[in-house]
Amino acid sequence: MKAFTVSKAVTALLLAGLVLLPLYSQLSGNIFILTLFTRIIILALAAASLNLIMGFGGMMSFGHAAYLGIGGYAVGMLAQEGVGSGFIQFPVALAASAIYALVIGALSLRTRGVYFIMITLAFAQMAYYVASGLARYGGDDGLTIYKRSDFSGLIDLGNRVQFYYLCLACLFGVIFLIWRIVNSRFGLVVQGLRSNEQRMQAIGFPAKRYQLVCFVISGTMCGLAGALLANNTDFVSPAVMYWTRSGDLMVMVILGGMGTLFGPVMGAVVFLLLEEFLSQITEYWALIMGPLLLLIVLFGRGGIMGALGRAGRG
């Protein structure tokens, strides 16, 4: 009970801090912190979507960043063609991500282990190279988005505070949806497949069907993060789909705690704040970040949420 209270208290403080951050930004005049945490929230959403299949479903996808790029390019390409309505851009981004996840999942779920990882990586790199070859939409240089998605006056994405709260609402909505999924019959089956797929198949559950649906839901959620990220940066580039970005998302999930509801949010906040801090100290910040993360993974079993649990029991 004490361990549960410690983790719950820290999570509540984090969420309260995220909700009140714009107020602090306005009172202090620190606009940068609002911009930084908007990016953190968007990537936390992407990490949470990965956690659904990796932490709860046991599917180690190494190409999850592809959906970030697909969602972002859906917004950017439509804007380039004169379609600026968010009521069109966002559904197209979600649909495109869902279709790509369906294709990847249908093929990759035929394999297991390292082969599954390599197929998801291969599809992500395929999307990266396709985007790099789209000369009409910037190619390697990326695509500048000159106007953010228009929601007919309901919300102004050009307003930093409104956009921040939209991203935060999307994050909370995705986390709530994940909570509902993992506590439903469908979610329990998916988690059972992670533990013992052969036994679940033996008692009559169509394993691949459940896993594929979960895979598509995860990709669609990440596509939403991609659409938000494109609006946040006013730019979308093939680099967002590169395998290193997928690796970053995996680190956020592992760092926060796989298979926990708020672990990816914790991991994203710590990872990106650490990255920002170290990059201001030295250009060789990755040489410091790498060993730190390695130590956390080796000795911090269960990530941050696991460490909070052990601290409570101690």
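Position 1 is the first residue of the sequence, and the numbers go up from there.
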So the salt bridge (Lys or Arg N to Asp or Glu O under 4.0 Å) pairs with at least one residue in residues 210-235 (sequence neighbours excluded) are R148-D234

Can you measure from [atom1] ([X]) to [atom2] ([Y]) and round to the nearest 0.5 angstrom?
{"X": "L34", "Y": "S28", "atom1": "CG", "atom2": "OG", "result": "9.5 Å"}
{"X": "C167", "Y": "I42", "atom1": "SG", "atom2": "CD1", "result": "4.0 Å"}
{"X": "L249", "Y": "L45", "atom1": "CG", "atom2": "CG", "result": "10.5 Å"}
{"X": "S97", "Y": "L102", "atom1": "OG", "atom2": "CG", "result": "12.5 Å"}
{"X": "L27", "Y": "N30", "atom1": "CG", "atom2": "CG", "result": "11.5 Å"}
{"X": "R245", "Y": "L43", "atom1": "CZ", "atom2": "CG", "result": "5.5 Å"}

Do [X] and [Y] share a hydrophobic cluster, counting only Ile, Leu, Val, Met, Phe, Trp and Tyr and linking them when any side-chain heavy atoms are less than 4.5 Å apart?
{"X": "L52", "Y": "M250", "result": "yes"}
{"X": "I41", "Y": "L273", "result": "yes"}
{"X": "I119", "Y": "Y129", "result": "yes"}
{"X": "I99", "Y": "V75", "result": "no"}
{"X": "L94", "Y": "I145", "result": "no"}

Using atom types as modelled and distance alone, determine if a side-chain donor or acceptor of [X] lies under 3.5 Å from a backbone N or O of [Y].
{"X": "N196", "Y": "G192", "value": "no"}
{"X": "S246", "Y": "A65", "value": "yes"}
{"X": "T120", "Y": "F62", "value": "yes"}
{"X": "T282", "Y": "L278", "value": "no"}
{"X": "K147", "Y": "A79", "value": "no"}

Within the 4.5 Å heavy-atom criterion, are [X] and [Y] side-chain neighbours or not?
{"X": "L224", "Y": "M221", "answer": "no"}
{"X": "M54", "Y": "M59", "answer": "no"}
{"X": "L261", "Y": "T11", "answer": "no"}
{"X": "F262", "Y": "N51", "answer": "no"}
{"X": "L50", "Y": "C222", "answer": "no"}
{"X": "R136", "Y": "E81", "answer": "yes"}
{"X": "L228", "Y": "F90", "answer": "yes"}
{"X": "L168", "Y": "T38", "answer": "no"}

Relative to the ring of F116, is the ring of F215 parallel (under 30°), tilted (30 to 60°) or perpendicular (over 60°)?
perpendicular

What's the shortest heavy-atom distance between [X] and [Y], and which atoms?
{"X": "A124", "Y": "G63", "value": "CB-CA, 3.5 Å"}
{"X": "G86", "Y": "P91", "value": "O-CD, 3.6 Å"}
{"X": "I31", "Y": "S25", "value": "CA-OG, 3.9 Å"}
{"X": "Y210", "Y": "V190", "value": "O-CG2, 4.1 Å"}
{"X": "L171", "Y": "A44", "value": "CD1-C, 4.0 Å"}
{"X": "H64", "Y": "S49", "value": "NE2-OG, 2.9 Å"}

Item to complete: Using the side chain to side chain donor-acceptor pair (under 3.5 Å) rule, take S85 and D150 through it: C-alpha gap first, then chi angles, then the decisive distance, then the call.
Response: CA-CA 5 Å; S85 173; D150 178 22; over 6 Å; no

Q: Evaluate the side-chain contact (heavy atoms from CB on, under 4.5 Å) criterion for residues F163 and D156: first the C-alpha distance (whole Å), next the side-chain angles of each, then the deciding distance (0.1 Å), finally the verdict.
A: CA-CA 7 Å; F163 182 62; D156 179 15; over 6 Å; no

By side chain to side chain donor-acceptor pair (under 3.5 Å), Y128 pairs with (sequence neighbours left out) none

If you count the non-hydrogen atoms of other residues, nucleotides and ligands that lie under 6.0 Å from CZ in R160, is the total more than 12?
no

Exceeds 12 heavy-atom contacts within 6.0 angstrom, atom CZ of F87:
yes

Practice task
Starting from the C-alpha separation in whole Å, work towards a yes-or-no answer on side-chain contact (heavy atoms from CB on, under 4.5 Å) for I33 and Y24.
Solution key: CA-CA 9 Å; I33 194 171; Y24 168 78; 3.9 Å; yes

task: Might you work through the side-chain contact (heavy atoms from CB on, under 4.5 Å) test for L229 and V240, ending with a clear yes or no?
output: CA-CA 10 Å; L229 187 63; V240 77; 3.7 Å; yes

- Carboxylate-amine/guanidinium proximity below 4.0 Å for E276 and R39: no

Apply ring pair (Phe, Tyr, Trp, His ring centres under 6.0 Å) to residues Y73 and Y137 and explain how you reach the verdict. CA-CA 9 Å; Y73 266 99; Y137 301 107; 7.7 Å; no

Connected to V92, directly or through other members, by ILVMFWY side-chain contacts below 4.5 Å are L78, V83, I88

Run the side-chain contact (heavy atoms from CB on, under 4.5 Å) check on M126 and M241 step by step: do they pass? CA-CA 9 Å; M126 186 186 304; M241 293 185 276; over 6 Å; no

